[in-house]
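Working notes for the structure below.
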Amino acid sequence: MRYQAPRGTADILPDEAARWQAVEAAFREACRRFGYGEIRTPIFEQTELFARSVGASTDIVQKEMYTFTDRGGRSLTLRPEGTAPVVRAVIEHRLYGTAELPLKLCYLGPMFRYERPQSGRQRQFHQFGVEAIGVEAPELDAEVIALGWTFLQDIGLKGVTLVLNSLGCPVCRPAYREALVAFLRPHREALCPDCRLRLEQNPLRVLDCKIDGPTPLVASAPRITDHLCDACRAHHAAVKAELDRLGIPYVEDPHLVRGLDYYTRTVFEFVAEGLGAQNTVLAGGRYNGLMAALGGPDLPGIGFALGAERLLLLLDEPAEGRVGAPAPDVYVVAFGAGAEKKLSLLMRLRAAGLSADADFAGRGLKAQLRSADRRGARYAVIVGDDEARAGRAAIKHLATGAQWTVAEEELAAFLAGRIASPNEKEAGDGNDAHVGNHAPNP
RNA sequence: GCGGUCGUGGCGAAGCGGUGAACGCACCGGAUUGUGGCUCCGGCAUUCGAGGGUUCGAAUCCCUUCGACCGCCCCA
């Protein structure tokens, strides 16, 4: 055990990778139906991009970024989230001018945050996300939420709750912030140490303090939703009305505050049971000022991201299984004079569309058949001295023990036909004297 | 960044100061000539995450270090 994967990273082994492929496929399918095209951005970006967009006072920027200097002296950062790179790409390629708005983009890939790993949290983790840019209509907020909802339904996730809030906009949020600070400052000593700092730097974050979360203090604090400007209030109401029409249940939480600074108006999270403090599985919101802040036109946007590891944690327990190759249709057992036919037989079978594998350890007949069985193969093709001499191959249906002998040339077609046939399990042709020596598999 | 639990063969897991590191699974080989699954027999850790120390003697005690898991902060 000399080398290990770096702290907070994980290898996804074949059995597990199959589960990933399933959720990725479901996500891509949901995105397709909703009209989102995939975008792939680099895994690292200029450090400035994240500092500007995510917010200098956020934990992500202050202590969680994987930042390094390349050989040209540039400061680069492994992306901690997906929105900023996508927005950057949209601006860089002026996509807003070449496609209809909203521009709908989706992505899936690894993100990096330097944190203490624990359940549902890694340093390299994976997010699937979407961004819809260029339209401010509340219907779009609802549609984005509906996409997240649909996806979670599609993969059969149970016990998730949609939590909704509005964070206002540059018109109304400053006033609310003042009101909140004015309310909290007299109670400064009652706040936890972290919150005393937040009070100065990012007062809204005090609202979702876990330590004295539902204390009378926070509970009785002024609510953002009571301080929204007319436009934000109307927007928020329209989003809720649309969700009501769609029959998507949600709970309003005026204390929902997201950890990234670029959010405006709608913010939402889908929270799940059973993940401890890391219970957010999908979250997002509107970011109307982000495009302009990153040097693009002043276009609004909304999106979400979901944590793939958390999602997989919530789905069925990983099945304990064989690590490695999938069960083949055919396992070629070749030995003696037949050994030299092994590879060419495999190639013929594969060319016929069958999955085929064989022993590569030069073991005996018995051991090879054992492998065929253990690998879960449906058929074994046996080519030994006798078969090789006759230009034929013995075929054995492993579940029943039925056996046939066919000419080498006909082998692939014969097997392809049988595997496609509903009567696959009929008895063999009796050409093999050994049939009956073994009981069928129970 | 803070706190807790823990690191014994491919995996799971005993042993917790005294000469050969249980056991289960997996794996490899065999049980009369070329036929798998069941059963039986045999094999499979000079070594207990790494480094140092205490001791006549350590996987078992101490220190350091690396790592894993869990919780907190924060986030997806």
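Lettering follows sequence order; numbering is per chain, from 1.
- Paired with A/L207 under the rule side chain to side chain contact (heavy atoms under 4.5 Å, CB included), one option of A/L256, A/D253, A/L180 passes, and it is A/L180.
- Residue A/G284 is out of contact with every strand shown, counting any heavy-atom pair closer than 4.0 Å.
- The phosphate of B/rC66 (OP1 or OP2) has no side-chain N or O of A/R7 nearer than 4.0 angstrom.
- The shortest distance between the side-chain N/O atoms of A/Q4 and the OP1/OP2 oxygens of B/rG67 is not below 4.0 Å.
- Using cut-offs of 30° and 60° on the angle between ring planes, the pair A/F268 and A/F270 is perpendicular.
- Among the heavy atoms of the strands lying under 4.0 Å from A/L282 are primed sugar atoms or P, OP1, OP2 only; no base atom is included.
- The distance between atom CZ of A/R389 and atom P of B/rG34, rounded to the nearest whole Å, is 14 Å.
- Base contact: A/E115 has a heavy atom under 4.0 Å from a base atom.
- In terms of phosphate contacts, A/R116 brings no side-chain nitrogen or oxygen within less than 4.0 Å of OP1 or OP2 of B/rG1.
- A cation-pi contact, defined as under 6.0 Å to the ring centre and within 45° of the axis, is absent between A/R123 and A/Y66.
- In this structure, A/F304 and A/F27 have perpendicular ring planes: the angle between them is above 60°, well past the 30° mark.
- Contact annotation: A/R370 does not reach the phosphate of B/rC38 (side-chain N/O to OP1 or OP2, under 4.0 Å).
- In this structure, A/L369 atom CG and B/rU35 atom P are separated by 9 Å, rounded to whole Å.
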